[in-house]
Amino acid sequence: MNRVLCRTLWNVKLNLRVPMARNASYLIEDPKYSFLKDLGLEKTNVGVFNGKWQANGKVIQSFSPANGKVIAEIQGASSADYESCAKAAEDAWHTWAELPAPARGEIVRQIGDALREKLQPLGQLVSLEMGKILPEAIGEVVEYIHVCDLALGLSRTLPGTMFPSERPGHVLIEKWNPLGAIGIITAFNFPVAVFGWNSAIAMVCGDVSVWKPSETTPLISVAVTKIVESVLVKNNIPAAVASLCVGGKDIGEQLVKDPRMKLVSFTGSTAVGQQVGVEVQKRFGRHLLELGGNNAIIVNSDANLDLLLNAALFACAGTAGQRCTTTRRLLIHKKVYNEVVTKLKKAFSGVVSKIGDPLLSETLIGPLHTPAAVEAYKKTVEEVKKQGGTIEFGGKIIERDGYFVEPTIVSGLPHDSPLVKTECFAPIVYCLEIPDLDTGIKYNNEVEQGLSSSLFTENLADIFKWMGPHGSDCGIVNVNIPTNGAEVGGAFGGEKATGGGRECGSDSWKNYMRRSTVTINYSGTIKLAQNIKFGDE
């Protein structure tokens, strides 16, 4: 998944947030946000957990993107704090790995129940700190709960295979064992779910974790860790099984280079993910990368346009364009191009009045996450105009408290424009005309990322072409649904510069375990494979 801004802006230095004075009022002190204290949060919070809550790093202020105000502050990790987390997690692993998998599954089941008890306040915190609307935020917590349910079933079905041996009196067994300690680095836009994908599955596999969350959503990570801690403590499990280390780039680098982290799961930009992959590979560790996505919907000439428009509104504008699976490109057949663009503009116009505070029930689109994201949106719109593109709808920053922009439709740029081929993490969609499905597939596949894609059609032959070897090259290949909104049962992830990682469902559990082929000889004699004879028999 890509959590960064347009690449062209990486070198732009922004200093748009002015820290509040330490004695200024924080949102946590406002009764309107009393749910924060229901989660055990305070005005000043400790962002390091290794079985104990203690931190010695710099103080981080958490801002609400809906109004730009400070919610609360968190003391982050120092290098020594990270070391204490890694050591505590490694020590806790010896106890955790010895528990039978169904017993570990029972702990994860209880974590799911504890999340259910805090569903509403935790969802409200996600809305406040990340910026997504409350139904989506609660849905994100539900996603973690669903993964706990999935992991519970997995704990009683983790497979082991027995193969027939070519040698008499021998048996071959495939045995799966836990990896040990893993590092989980998550991004701002799914601050609960992505941790849950990794943590719940890893836990039933017998692993422990050190979680380094996004520096801009630290309160969510503290609240989630407190929930997990409560279950571990209640069951007399070493709480460092789920360690937390809030911090910046330095903590992330320390984790990535740490040989004790047998796997590093990283969610973030393609550029940073590539660096993570190289660093982990240098020490022959494992990496699981969820990186950039430049996702497309192909609109076939026979598409159900009502279905398409319902899907495209959420796919393009939902979450203010800040999902890794957000639709960035609409590849529209020439027969329906004008009709689709016209109707999409009308649909977008209907939601502008519903942009606002993500905690309010009438809101459909919340803010961008940071002032830097607003600046990136602004620069991208300006560049579209310079390159001869047309702003069909939107293109404006909304003048109000917080970081709000209009969802934007762009036409008139070529399919291979650098702008079109660059993911800007904002609600901007490029409309491109195509003459046929084959051209749409070509355009879909020509970007460097390969996360999600969708085809709208009623033609069965086209569906099978789309999902076949000459169809979409993405990890997620949909038909008649948006590019975003994945279920937990399937493996989530993408190809090419998206990183190749798979998380959550299907056989993604294999990432968190090591495999051994075991040969047992019960014959009483030595018999070599391939009928090799060596020396006297």
Side-chain angles (χ1 to χ4, degrees), residues 293-318 321 323-348 350-351 389-390 392-393 407-417 419-421 423 427-487 490 494-496 498:
N294 193 342
N295 315 294
I297 289 177
I298 296 179
V299 185
N300 226 15
S301 60
D302 66 333
N304 180 329
L305 297 189
D306 290 335
L307 195 68
L308 164 74
L309 290 163
N310 277 333
L313 183 61
F314 178 65
C316 302
R323 288 178 178 241
C324 56
T325 50
T326 293
T327 298
R328 312 293 177 190
R329 297 173 296 148
L330 284 174
L331 311 177
I332 308 166
H333 194 281
K334 61 184 180 182
K335 290 182 179 179
V336 295
Y337 179 86
N338 289 333
E339 182 180 0
V340 168
V341 173
T342 298
K343 289 183 174 180
L344 190 64
K345 288 162 63 175
K346 183 178 180 181
F348 272 39
V351 300
T390 300
E392 297 281 355
F393 184 89
T408 300
I409 301 169
V410 175
S411 67
L413 291 177
H415 67 92
D416 55 355
S417 162
L419 271 179
V420 174
K421 297 177 79 171
E423 182 188 26
I428 299 174
V429 62
Y430 299 96
C431 293
L432 305 168
E433 186 176 301
I434 57 171
D436 50 46
L437 177 59
D438 287 341
T439 303
I441 292 173
K442 176 185 174 184
Y443 290 179
N444 177 78
N445 296 349
E446 70 183 1
V447 296
E448 65 174 4
Q449 306 93 336
L451 179 51
S452 188
S453 57
S454 189
L455 168 67
F456 277 74
T457 185
E458 302 295 310
N459 187 303
L460 190 61
D462 286 344
I463 290 172
F464 279 93
K465 174 186 283 190
W466 173 241
M467 59 188 285
H470 299 295
S472 172
D473 64 359
C474 295
I476 298 171
V477 181
N478 291 335
V479 178
N480 294 333
I481 64 169
T483 54
N484 48 9
E487 298 180 28
E495 300 299 324
K496 304 187 297 186
T498 301

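Predicted, not measured: the structure shown is a model, and the values here were computed from it.
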Checking [X] now: which residues fulfil side chain to side chain donor-acceptor pair (under 3.5 Å) with it, not counting sequence neighbours?
X      : result
Thr325 : none
Thr326 : none
Ser453 : Ser472

Practice problem: Identify, with sequence neighbours excluded, every residue that meets salt bridge (charged side-chain N to carboxylate O under 4.0 Å, His left out) alongside Lys343. | Solution: Glu339
Quiz item: Who pairs with Glu458 by salt bridge (charged side-chain N to carboxylate O under 4.0 Å, His left out), at least two apart in sequence or on another chain?
Solution: none
Self-check item: salt bridge (charged side-chain N to carboxylate O under 4.0 Å, His left out) pairs, two or more places apart, involving residues 460-483
Solution: Asp438-Lys465, Asp473-Lys496
Practice problem: Output every pair passing salt bridge (charged side-chain N to carboxylate O under 4.0 Å, His left out) with a member in residues 294-308, not counting sequence neighbours, ordered by first then second residue. | Solution: none
Quiz item: Tell me, which pairs form a ring-ring contact (aromatic ring centres under 6.0 Å, His included) where one or both residues lie in residues 298-317, sequence neighbours left out?
Solution: none
Partners passing side chain to side chain contact (heavy atoms under 4.5 Å, CB included) against [X] (at least two apart in sequence or in another chain):
X      : value
Ala311 : Phe456, Pro482
Leu432 : Leu331, His415, Val420
Glu495 : Arg502
Thr390 : Glu392, Ser411

Quiz item: side chain to side chain contact (heavy atoms under 4.5 Å, CB included) with Trp466: which of Asn459, Ile441, Thr457, Asn478?
Solution: Ile441
